[in-house]
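What's counted below: heavy atoms across the whole structure, side chains too, no hydrogens, waters or symmetry copies. Here is the naming used below: chain letters follow the sequence lines, and residue numbers restart at 1 for every chain.
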Amino acid sequence: MKITVNGNGLEVQEEVKHVKGLIDFLGLEDKPLIIEHNQQILQKEEHEKAVLENGDKVEIVHFVGGG
Amino acid sequence: METNRYHRQILFAPIGESGQEKLSQSHVLIIGAGALGSSSAEALTRAGVGHITLIDRDYVEESNLQRQQLFSEKDMEQKMPKAIAARQRLSEVNSHVKIDAIVGDAEVDILRKIVPEADLIIDATDNFETRLLLNDMAQKYQKPWIYGAIVASYGVTFTVVPKKTPCLQCLQEYIPVNGATCDSVGVIQPVVQKVVSQQITEALKLLTGNEAALSGKIISFDLWNNEHVEIEVASLRKADCPSCSEKRSYPNLAYDSHLKTAVLCGRNTVQLRPQRKQTDLNEVAKELQKNNQIKLFQNPYLLSFEVDSFRIVLFQDGRALVHGTMDQMEAKNIYHRYLG
Ligand SMILES: [Zn+2]
């Protein structure tokens, strides 16, 4: 399945089924993230319900502290 | 006023003569005079903002020079306070701008005097405690402020407009607790300029009466990984936010919520007790280990590390002891630099 993450194409394996799976796949599970799935902001509890399909767009932002 | 100085900026139609006049009447508070603060201050000074106030608690060190554009080797050799060195350089760049420099913490008592007079606040701090405080202060006096932050090749920015956008407190669940900071994973200079480009463009819009052009989005990018993301976050505004809703109480303005410090008598040590309690020492150790200049020691109860001439001991309950100094401001700087 091919999806777009932060503007770049990403080929993911079949076991990545939903947004939570994608976060784990990307190794971001420890970070508080603001996630938009097909232009819809997800609450944390929705990550597991947000099923990924070919062509989906996911945008991920996290806050950092440095200045 | 000189006729040619702002010619190119006045030619830019959304600003024009009237926008330039508004800029010259504006007062901008910049909190932090490190990488982001240096760059923002220079941009606003060149643009002809009438009055700039800079607050910073640090002094210039060698490792600043790679990205903090206002400072020279001489500033470093003289350990000049950043706010003072910045004011010196800025007044050479544009002698018509009034520059106030404050060497110290952005504390409630100081902000209470400046924020009501300012038109806009630029966030150039390196920690979320100060940002949450500044957020409450901005809400209290209904002033816009512009979040900006950097680490490695990543930057993120967001313009907080009272009554229009979510505030930082609305987004509190997204604030990292033990976030990576510039000193443990590094930072490259172009990401400074990229964040400041966003911040200052938003600032120019606000100051010249072009609010309609504001982005309304959280914008982030990773320059090294060629990523650019914009997320519309209006929906994250909280109806019961303690900082910006009808029920607001400004939790971060309470004295108790600040980083408390105490000098431990006769021990050349300062104790810091941050607002956020319970520290995952393994997490902290993991972050610190990315910097191979840090000598780490850990047991089940504390984490100790040496850096420069200091030794910092972090306990599970969040307390930290900074050995090698009795200067509270210096100890706070070290704490935020390595522990976020
Ligand atoms: Zn809020």
Side-chain angles (χ1 to χ4, degrees), chain A, chain B residues 31-37 123-131 147-152 154-156 158 168 171-187 191-192 195 217-222 225-236 283 286 336-337 340:
Chain A
M1 171 169 66
K2 190 160 186 192
I3 59 174
T4 303
V5 177
N6 290 354
N8 293 327
L10 182 71
E11 192 69 46
V12 292
Q13 289 104 338
E14 276 174 34
E15 54 267 31
V16 178
K17 291 190 163 51
H18 40 55
V19 168
K20 181 169 185 313
L22 176 67
I23 295 165
D24 294 343
F25 174 74
L26 295 171
L28 298 172
E29 60 277 7
D30 294 335
K31 285 185 179 169
L33 305 169
I34 302 175
I35 299 180
E36 202 181 66
H37 176 218
N38 295 336
Q39 312 213 310
Q40 193 79 36
I41 292 188
L42 302 180
Q43 299 299 314
K44 189 155 193 199
E45 56 274 15
E46 296 172 321
H47 292 178
E48 215 154 349
K49 295 175 208 147
V51 175
L52 288 173
E53 287 174 37
N54 198 45
D56 276 7
K57 284 190 178 142
V58 180
E59 307 272 271
I60 304 170
V61 162
H62 65 277
F63 283 159
V64 293
Chain B
I31 303 185
L36 294 176
D123 161 36
T125 65
D126 59 2
N127 67 86
F128 280 101
E129 281 178 324
T130 307
R131 288 190 180 99
Y147 163 67
I150 51 173
V151 65
Y154 180 85
V156 54
F158 179 60
L168 187 60
L171 305 172
Q172 206 219 4
E173 65 187 282
Y174 303 108
I175 295 176
V177 178
N178 291 321
T181 65
C182 284
D183 287 84
S184 58
V185 296
V187 62
V191 80
V192 176
V195 166
K217 293 171 178 169
I218 292 184
I219 301 173
S220 78
F221 31 78
D222 189 317
N225 295 315
N226 312 304
E227 291 180 354
H228 179 99
V229 179
E230 299 190 11
I231 297 185
E232 162 72 56
V233 288
S235 66
L236 296 179
E283 274 292 316
K286 216 167 76 186
H336 284 307
R337 198 179 303 156

Measure distances from [X] to the heavy atoms of chain A and classify the residue's part below 4.5 Å as side chain, backbone, both or neither.
X         : answer
Ala35(B)  : both
Phe221(B) : neither
Ile31(B)  : neither
Thr125(B) : backbone
Asp222(B) : neither
Leu236(B) : side chain
Val229(B) : both
Val191(B) : neither

Over all atoms of both residues, closest heavy-atom pair of [X] and [Y]:
X         : Y         : value
Leu36(B)  : Gly66(A)  : CD1-O, 4.2 Å
Val64(A)  : Ala149(B) : O-CB, 3.0 Å
Ile231(B) : Glu36(A)  : CG2-OE2, 3.5 Å

Inset, instruction - Against chain B, label Ile34(A) side chain, backbone, both or neither, depending on which of its atoms sit under 4.5 Å from a heavy atom there. - result: both
Legend entry - Residue Gln39(A) versus chain B: region with a heavy atom under 4.5 Å: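 Looking at Gln39(A), nothing touches chain B.
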Inset, instruction - Give a yes or no on whether Gln40(A) atom CD has more than 12 heavy-atom contacts from other residues, nucleotides or ligands under 6.0 Å away. - result: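 Counting neighbours around CD of Gln40(A), 12 or fewer heavy atoms of other residues, nucleotides or ligands fall under 6.0 Å, so no.
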Legend entry - Gap separating the CD atom of Glu59(A) from the CD atom of Glu232(B), nearest 0.5 angstrom: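 Spacing of CD (Glu59(A)) from CD (Glu232(B)) equals 12.5 Å.
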Legend entry - chain B contacts, top residue of Asn6(A), Ile35(A), Asn8(A) (heavy-atom pairs, under 4.5 Å): Asn6(A)
Legend entry - Parallel, tilted or perpendicular, as decided by the 30° and 60° cut-offs, for the rings of Phe63(A) and Tyr174(B):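 Judged by the thresholds at 30° and 60°, the geometry between Tyr174(B) and Phe63(A) is perpendicular.
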